[in-house]
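A quick write-up on the structure given underneath.
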Amino acid sequence: MAVAANTLHELDETKLYPLRKDLFDVTADFAQEKSGTVAKIVYNLIDQGNFWGWFSPENKMASEAHFHAKCFKYTQSGPLMLISNFNRVCKAAGNMLEDVSSNTVAKTFREMNGMVGPTYDTAQLFSRIIFHIPKESIKTLGGVSGGSLTLWAGWNALDNVIDLGTASKNKTSSDTIQHMLKLAKHISYVVLGTLIVSSVFFNMVAAGIYFTSCTTSCAFFAVVQYYHKHLGETIKTN
Amino acid sequence: MTSSTLTASQAGFSDHLKAIPQHFADLVDEEPKDTLECVITALEGIEYTGASDETKAWCGGAASQLDPYKKAFSFFSLPSKLNGMRRGINKLQNSDDWSKVTPQLFTDTVFTAHAASESALCLDAFGWVELTKEAMSFTKGVFWSALGIFDLHNLFITHPDKLNDLEVEIGKSKDADKLNILNHKINRTYIEVVKSVLIVGMAAISLVSLTFASVAQGVLFSPGLFFTMGASWSALFLVSFFYGKMIDVEERHLQYWQV
C-alpha cells in the first residue's frame, strides 16, 4: 500500500486525468460561448423540419421553440451586439482621426458596416416582443442588412483567401483547414446576403428553403470551425 | 528624457472618458445575463414610480417578456457547469489530495444546481414544461439555496481572502500610485461584500417565504422590499463592474509609465 501511495505521489497529478479538451468539453463550451449559434441551429432545424414535413402544422411546440430560439438569438445579435460593435466603431474612428489613411478609413467603414446587422436584428427582436414593430416597416432595413452582410462576408472571404495564401506557406495544415472553414462560412453568408438583397430590392422570388439552407450552411461551418479549433486544445489548470 | 525621469501619474479624465464604450462592450460581452437583469429591474422599477398606468403596464409587460431570455443564458451554460462537475469528479477519483479537489467540486455542484434550477424556470416560462406548484417551489428553493450558498462562501471565504491579500500587498508596496490602485481594489471588494450580503438576504427571504408561504406576509416579505434589494444589487453590480474597469484603466496606465 505504502509503495502504491508513494508511486501516486511521484506521479504528476495532471497526467492522471485528460488535459486536453474532449468532445464533451468542446460541446459544453460551445453551448455557453456560442449560445446564439445554438439558438440559430435550433430554429434552422425547425425550418428544415417544416419544409420536409417532420412537424405537423398543429405542432405548437415546434413553432414556439422556433419563436423563442429566434428571440434569444436576436437578443444577443441585436441590442447586445450593437453595444459591442459601437465600441469597435469608436476605436476605429479614433484611430482614423489620429492618422487619416486609406487603411484607417477602410477599417472605420468596415466597423460601421458591422452596425447594420445588429440594428436589423434589434428591429427583428422588437418586431416580435416589447414594441411589436410591424414586419413590413423593417423590410427595407432587412434588404440593407442583406447588402451589409454581403459586404462584410465578402470582405472577410477576401481576407481568408489572403490568409490562406500565407498560411499554406508558413503555417501548419490545421491553420489551412481553419482558413478554409472560415472561407466556406463567409461564402455561405455572401450567398445569403445576395439572396436577401435580390428578394427585397429586386423582387426575386426564392423559396424559403434557399434562405434556410444558406443559414444552415453558415451555422454548420461555424460549428465545424469551432470544434476543429478547440478539440484537443490544452485545458488550462490553476 | 528617459522613462525613469517621468513620474507615473494617474490616468486622466480623458483616458476614462475614452474607455467608456469599451467598458460597455465588456459589460455586454462578459456579463450579458446580468446586463439583461439590470434592464429588467429598471423596467420593473417603473411600477414604483409615478408613471402613468399605461406606461407601468407596458414596462411590466416588457420586463416579463425579456425575463425568459435572461433565464435562457443559464439553460445554455448548463452543459458547461455539468462538464465542470464531470472534470471535478474525474480529478477526485484520480487524486489523493481530497482537500484540494473537494472545494472546487463543491463550487461546481452549486453552480450546476443554480443553472439547472434556472433552466427549469426558463422552460416553464417558455411554456414547454409546466411545473406544478410543488415543483415550482422546489425549483425556486434550489435556485435561491444555490445562490445563497455561493454568496455565503464569497462572504466568508473569497472576499476576506482577497482583502487579506490586498492588505499584504499594500504592506509591501511603497509606490504611491500602486497604493492608490490597491486602495481602490479594496473599496471594490467592499462593494462585492455588500452585493453578497444582499444576495444572502434575498435568498433567506425567498427560502423563508417558500417554506412558510402561508405566513409570509407583512413588511418583511413585501414585494417592494424584495424589489428594493434586487434593484440595489443591480445598481451595485453596475457600480462594481465599471469601478473594476476604471481600476484596470489606471493599472494599464501605471504599467505603461513603468515600462
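For chain B, the option among F67(A), F131(A), F86(A) with the highest count of heavy-atom pairs below 4.5 Å is F131(A). Between chain A and the options V28(B), T35(B), D29(B), the largest number of non-hydrogen pairs under 4.5 Å is found for V28(B). Note on A39(A), C90(A), S35(A), G94(A): by heavy-atom pairs under 4.5 Å with chain B, the leading option is S35(A).
Listed by first and then second residue, the side chain to side chain donor-acceptor pair (under 3.5 Å) pairs that reach into residues 88-98 of chain A are R88(A)-E111(A), K91(A)-Q22(B), sequence neighbours excluded. Sequence neighbours left out, not one pair with a member in residues 86-105 of chain B passes ring pair (Phe, Tyr, Trp, His ring centres under 6.0 Å).
In this structure, F30(A) CZ and S80(B) OG are separated by 13.5 Å, a value rounded to the nearest 0.5 Å.
Within the 4.5 Å cutoff, the side chain of F24(B) has no heavy atoms near those of the N87(A) side chain. Under the 4.5 Å side-chain criterion, counting only non-hydrogen atoms from C-beta, D22(A) is in contact with R86(B). Using a 4.5 Å heavy-atom cutoff, the side chains of R87(B) and D25(A) are in contact. Side chains of P79(B) and T27(A) form no contact here, defined as non-hydrogen atoms less than 4.5 Å apart.
Around atom OH of Y48(B), more than 12 heavy atoms belonging to other residues, nucleotides or ligands sit under 6.0 Å away.
F126(B) pairs with exactly one of E64(A), M61(A), H68(A) by the side chain to side chain contact (heavy atoms under 4.5 Å, CB included) rule, that one being H68(A).
Judged as a salt bridge (Lys or Arg N to Asp or Glu O under 4.0 Å), and not counting sequence neighbours, R128(A) has no contacts.
Chain A is approached within less than 4.5 Å, heavy atom to heavy atom, by W58(B), A62(B), Q65(B), L66(B), Y69(B), A72(B), F73(B) from residues 50-73 of chain B, ordered by number.
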